[in-house]
Amino acid sequence: MDSGLALIFIFSFASLFVLRKVAKKIQLVDVPSGRKQHLGSIPLIGGLAIFGTVTLALFMTPDLARDTNLYLFCASVLVFTGAIDDKYDISFKARLVIQVMMSIIMIKFGSLYLASLGNLLGFGNLTLNTPLSYLVTTLAVLGAINAFNMVDGIDGLLGGLATVTFSSLGYLFWLDHQLDLYHFCLVIVIATIPYVMLNLGFPLGQRFKVFMGDAGSVFIGFTVIWLLVNGTQGESTPLRPVTALWLIALPLMDMTTIMIRRIRKGQSPFKPDREHLHHICQRIGLSQRMTLLAICGLASLFAYIGVLGEQAKVSESIMFSAFLTLFVTYYLSITHIWRITAFLRKININMTEIFSKRANRENRS
């Protein structure tokens, strides 16, 4: 397996350079605009390279993903749609229709759906009837895809958050001796590392910079929900549904918060803006690298809480209540971030004045 992982890393790294040349020829690039403040035209091929590498791994070991043919079909359609969107910027309504279609195909042909939400409320297992389970599963697919799509805003962030989620999932699969899914998560992490390196300009500098593109964010979001449904449904599962919330907590909370804020403003929930957590972190003074470390650190903490709660078998209702508390705190903090910042700045100014006056008195004495 070690030699196989090395091959996956090399293939992913090499495919980035091949696809860069193709992307420049066909103008599959991200051009700076009002919201996009990078320099130059950047190839949008990170996701394509990761998808191609994962596809190669699945051809080498077909049983990793379970229902591999179905997974590859759905993922291929979504990645192709994402690539078309990267090139031509298609309507979000068209993208949603295709995502719903792939959800239905996943449910119907793979029997992959959320039939149980676990004992979230403390009154027994929440079992969904067939129509409701299909609806909830479809919403979960849309939520995961768009959560990872919306969070892709600064260098390294999507790759970092994806690595946190897949590493946590892989660890839980490994603990439960589901080695096929563990290795699948490991493959995705290894395939993602070369993209993160080039996206951050390491080790070859900004000249070889690449972006993930919608094709990549959609692929990551769909793969996450595919694994979460596999991991939470059935008689003996490596994780409970509530744990899934913690593993994708930060992308999920950021998406939900931003959508609520847009709706309250009378805007479309899918209208792009610069109000995401990474934008806010930068506006309050954090550098891009500090923002990346802070957000990935938070995501790792939340995932760690989920993993610990799963291992210790903490009550699902307690874990769910804690998650809701976390979300409300996050929402209120983001909503009132400028008041909080102004308050902290005022405190800092007041403390500075106090220490300055004290120092002056001591100097006079």
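All values reported here derive from a predicted model rather than from experimental measurement.
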Report all side-chain donor-acceptor pairs from residues 46-58 shorter than 3.5 Å, counting only partners two or more places apart or in another chain.
{"from": "Thr53", "atom 1": "OG1", "to": "Ala49", "atom 2": "O", "distance (Å)": "2.7"}
{"from": "Thr55", "atom 1": "OG1", "to": "Phe51", "atom 2": "O", "distance (Å)": "2.8"}

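Here the straight-line distance linking atom OG of Ser76 with atom CZ of Phe219 works out to 9.0 Å at 0.5 Å rounding. Within the model, atoms NZ of Lys87 and CD1 of Ile26 stand 6.0 Å from one another, a figure rounded to the nearest 0.5 Å. Separating the CG atom in Leu114 from the OG1 atom in Thr137 is a distance of 4.0 Å, to the nearest 0.5 Å.
Residues Ile104 and Met101 share a single hydrophobic cluster, defined by chaining ILVMFWY side chains whose heavy atoms lie under 4.5 Å apart. Tracing side-chain contacts under 4.5 Å through hydrophobic residues (I, L, V, M, F, W, Y), one reaches Ile334 starting from Leu324; they form part of the same cluster.
Within the structure, the ring pair (Phe, Tyr, Trp, His ring centres under 6.0 Å) test picks out the following pairs touching residues 119-153 (sequence neighbours left out): Tyr113-Tyr134. Listed by first and then second residue, the ring pair (Phe, Tyr, Trp, His ring centres under 6.0 Å) pairs that reach into residues 303-332 are Trp246-Phe323, sequence neighbours excluded.
Within the 4.5 Å cutoff, the side chain of Leu204 has no heavy atoms near those of the Lys209 side chain. The side-chain heavy atoms of Leu200 and Arg289, taken from C-beta on, include a pair separated by under 4.5 Å.
Partner Ile107 forms a side-chain contact (heavy atoms from CB on, under 4.5 Å) with one of Leu112, Thr138, Thr130 and no other, that one being Thr138. Of the listed residues (Val164, Leu277, Val151, Asp254), just one forms a side-chain contact (heavy atoms from CB on, under 4.5 Å) with Ile295, and that residue is Leu277.
Listed here is the closest heavy atom pair of Gln311 and Leu175: NE2-CD1, 3.5 Å. Smallest separation of non-hydrogen atoms from Ala215 and Ala83: CB-N, 3.7 Å. Considering every non-hydrogen atom in both Pro251 and Ala147, the closest pair reads O-CB, 3.6 Å.
Using cut-offs of 30° and 60° for the angle between ring planes, the Phe13 and Phe17 rings count as tilted.
Other residues, nucleotides and ligands place more than 12 heavy atoms under 6.0 Å from the NZ atom of Lys313. In the displayed structure, Phe80 atom CZ is contacted under 6.0 Å by at most 12 heavy atoms of other residues, nucleotides or ligands.
Side-chain atoms of Asn125 and Ser116 include a donor-acceptor pair closer than 3.5 Å. Gln282 and Thr291 are not linked by any side-chain donor-acceptor pair at a separation below 3.5 angstrom, with hydrogens and angles left out of the test. Under 3.5 Å, the side chains of Asn230 and Gln178 contain no donor-acceptor pair of N or O atoms.
Between the side chain of Asn199 and the main chain of Phe211, no donor-acceptor pair closer than 3.5 Å is present. Between the side chain of Tyr195 and the backbone N or O of Met212 there is at least one donor-acceptor pair closer than 3.5 Å. Under the 3.5 Å distance criterion, the side-chain polar atoms of Thr237 are left unmatched by any main-chain donor or acceptor of Gln233. For the pair Arg95 (side chain) and Ile90 (backbone), a donor-acceptor distance under 3.5 Å is present.
With ring centers used as reference points, Tyr182 lies 6.0 Å or more from Phe166.
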